[in-house]
Protein chains: 2
Amino acid sequence: MASPTFSPLYRQIKDLLLEGLRGGEWRPGEAIPSELELAGRFRVSQGTVRKAIDELAAENLLVRRQGKGTFVATHGEPQVRFRFLRLTPDSGEAVAAQRELLDFRRARASAELARLLELKPGEQVIMLKRRIAFDGSPVLLEEVWLPGNRFKGVTAAAVTEHQGALYNLFETEYGTRMVRAEERLKAVSADAGAAELLGVEPGHALLQVERLSFTYGDTPVEWRKGVYNTDRHYYRSELG
Amino acid sequence: MASPTFSPLYRQIKDLLLEGLRGGEWRPGEAIPSELELAGRFRVSQGTVRKAIDELAAENLLVRRQGKGTFVATHGEPQVRFRFLRLTPDSGEAVAAQRELLDFRRARASAELARLLELKPGEQVIMLKRRIAFDGSPVLLEEVWLPGNRFKGVTAAAVTEHQGALYNLFETEYGTRMVRAEERLKAVSADAGAAELLGVEPGHALLQVERLSFTYGDTPVEWRKGVYNTDRHYYRSELG
DNA sequence: GAGTGGTCTAGACCACTAG
DNA sequence: TAGTGGTCTAGACCACTCC
């Protein structure tokens, strides 16, 4: 006997909503239809729709606002921004970041990158390199790799105009919202190039961060690799 | 007008359940009463109890098992163990850890530690220092600080017998379950002592991890500070 | 078969937002 | 006042575990 793989109704509704999100039927920031309307459309009770939306809200894909509606989550809201930027100053308030674009180019995906982004080796990718400073002192150096196909028209100028708020740019211009990411951290020694750009001695201990980001449906759409100077900042991690 | 601070019924039920957990009415691993029984006891519908339990399950305080009951979460289950141990080998399977107790003593809390653990300065604390190896090579060095009051009878022998599985020891012997923790990461250079104990050169880049752990009701009950050798391992972080 | 958690419904009412 | 999400109930039935 094949396993029946029982799937409750609310999960099928959830999948339908996910399809709409993935297909761009409702874009980041927009409201989805009301619970009652969805219930009518899918021929189920409001409670069933609620449970589907509950899960999507728990996964930070939707945001409920009582009295107003349910909205597609966005990287514009401040609470969301800090879920992805884990670097915090040792003391004092968070300061605005100064982002500096050091390089921008198109290239072909290496075997390794193709594997990570689920592309064919040799497919076009976009690479950008940047330096981020807080309060005038450089703290972060990173390379960002994107599938060229999904982000066709990206230019250095567009990135600069958006002041480097990449996730915001991606969702406003491409409807691609980064939903979750996995990071791998190591402690490394600064090489000559990084030391120069971060203003530290070669050999200085730096926090190396590799990040793979996913959009709806666990599709990988961004790879980052960077180093952080943690002399005056620390990386926050919550274990729950 | 003072704000009415409306609190829904299910949240009050949740608080009652939390009290039971905190007070030790049901210990880690035990089953709590069935939903119908709780509904009867609290004079609410089953649905309201369900919603309270839903939230506690989402916070990993309770575990539901269909057909069997709802149980107080424990650090014994393998899935839970990896929520707190974020170090993963670069390649290959996770290997069992060899834990070596290097020091164990009682001391008085410094002002800084007292602040972190919400104690009075000078109150008794327990400090233990240990080294952890994977596959024979030392990888992790850490100090653990505990409030002496809550963990009165802890001895070096007890820790050794438990093979250093501290969170397991705490909950089986003291009914104290670590529910969540906050970590702060930095990259640092190995000093002479750490280098010696980890078998690396002085100045080698190490990942420094400070951890504050909490039990029910966000009560801090453990402070850790350690360094990891990340030459063959990385620290996993999930951004959601 | 009895007991547990899991799903689904229908309906009533509350809290919040906006015009 | 109308429309939205949020709470609560009562009851039916399903899926799973254990005896």
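Quantities reported herein were computed from a predicted structural model and do not represent experimental measurements. Just so you know, these numbers use all the heavy atoms, side chains as well, and skip hydrogens, waters and symmetry mates. Numbers restart at 1 for each chain; the letters A, B, ... are given by sequence-line order, proteins then strands.
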Peer 1: Once side-chain hydrogen bond (donor to acceptor under 3.5 Å, both in side chains) is applied, do any residues pair with N149(A), and if so which ones, sequence neighbours excluded?
Peer 2: K152(A)
Peer 1: Mind running a 4.0 Å heavy-atom check of residues 38-60 of chain B against DNA chain C and sending the residues that fall below it, in number order?
Peer 2: R50(B)
Peer 1: Please report the C-alpha distance between I32(B) and I53(B) in whole Å, then the side-chain angles of each, then the deciding distance to 0.1 Å, and finally whether the side-chain contact (heavy atoms from CB on, under 4.5 Å) criterion is met.
Peer 2: CA-CA 10 Å; I32(B) 68 171; I53(B) 293 180; 4.2 Å; yes
Peer 1: Looking at residues 28-36 of chain B, who's got a heavy atom less than 4.0 Å off DNA chain C?
Peer 2: S34(B), E35(B)
Peer 1: Report all interatomic pairs (protein N or O, nucleotide N or O of nucleotides 17-19 of chain C) with separations under 3.5 Å.
Peer 2:
unit_1, atom_1, unit_2, atom_2, d
dA18(C), OP1, K68(A), NZ, 3.2

Peer 1: Just checking, is any N or O donor in the side chain of S213(B) or E222(B) under 3.5 Å from an acceptor N or O on the other one?
Peer 2: yes
Peer 1: Would you mind listing every salt bridge (charged side-chain N to carboxylate O under 4.0 Å, His left out) that reaches into residues 7-18 of chain A, with sequence neighbours excluded?
Peer 2: R11(A)-E55(A), K14(A)-E55(A), K14(A)-E59(A)
Peer 1: So if I take residues 12-26 of chain A and measure heavy-atom distances to DNA chain C, which residues fall below 4.0 Å?
Peer 2: none
Peer 1: Show the nearest heavy-atom pair for residues A114(A) and K120(A), with the distance to one decimal.
Peer 2: CB-C, 3.9 Å
Peer 1: Set out, in order, the CA-CA distance, both residues' side-chain angles and the distance that settles salt bridge (charged side-chain N to carboxylate O under 4.0 Å, His left out) for K51(A) and D54(B), then state yes or no.
Peer 2: CA-CA 12 Å; K51(A) 182 138 190 177; D54(B) 277 347; 5.3 Å; no
Peer 1: Can you check whether S7(B)'s main-chain N or O pairs, donor with acceptor, with Q12(B)'s side chain at less than 3.5 Å?
Peer 2: yes
Peer 1: So, the side chain of R99(A) versus the backbone of Q163(A): is there a donor-acceptor pair under 3.5 Å, distance only?
Peer 2: yes
Peer 1: With sequence neighbours left out, what residues match T160(A) under side-chain hydrogen bond (donor to acceptor under 3.5 Å, both in side chains)?
Peer 2: none
Peer 1: Determine which pairs satisfy salt bridge (charged side-chain N to carboxylate O under 4.0 Å, His left out) with at least one residue from residues 142-151 of chain B, sequence neighbours left out, and list them in order.
Peer 2: R130(B)-E142(B), E142(B)-R224(B)
Peer 1: Using the side-chain hydrogen bond (donor to acceptor under 3.5 Å, both in side chains) criterion, which residues pair with R180(A)? Sequence neighbours excluded.
Peer 2: E182(A), D218(A)
Peer 1: For L85(B), does its backbone N or O pair with a side-chain atom of R236(B) as donor and acceptor, under 3.5 Å?
Peer 2: yes
Peer 1: Could you tell me if the ring centre of H233(B) sits under 6.0 Å from that of F134(B)?
Peer 2: yes
Peer 1: Tell me the ring-ring contact (aromatic ring centres under 6.0 Å, His included) pairs involving residues 53-78 of chain A, sequence neighbours left out?
Peer 2: H75(A)-F84(A), H75(A)-Y167(A)
Peer 1: Should the pair F170(B) and F151(B) be assigned to parallel (<30°), tilted (30 to 60°) or perpendicular (>60°) ring geometry?
Peer 2: tilted
Peer 1: Output the pairing pattern of DNA chain C as a dot-bracket string, 5' first, Watson-Crick or G-U wobble with both distances under 3.5 Å, | for cross-strand pairs, [ ] for crossing pairs.
Peer 2: ||||||||||||||||||.
Peer 1: Output the distance between atom CG (L17(B)) and atom CG (L61(B)), rounded to the nearest 0.5 Å.
Peer 2: 10.5 Å
Peer 1: Could you walk me through whether E112(B) and R115(B) pass the salt bridge (charged side-chain N to carboxylate O under 4.0 Å, His left out) test, one step at a time?
Peer 2: CA-CA 5 Å; E112(B) 173 65 2; R115(B) 187 182 62 77; 3.1 Å; yes
Peer 1: Contact boundaries of DNA chain D with chain B (under 4.0 Å, heavy atoms), 5' to 3'?
Peer 2: dT7(D) to dC18(D)
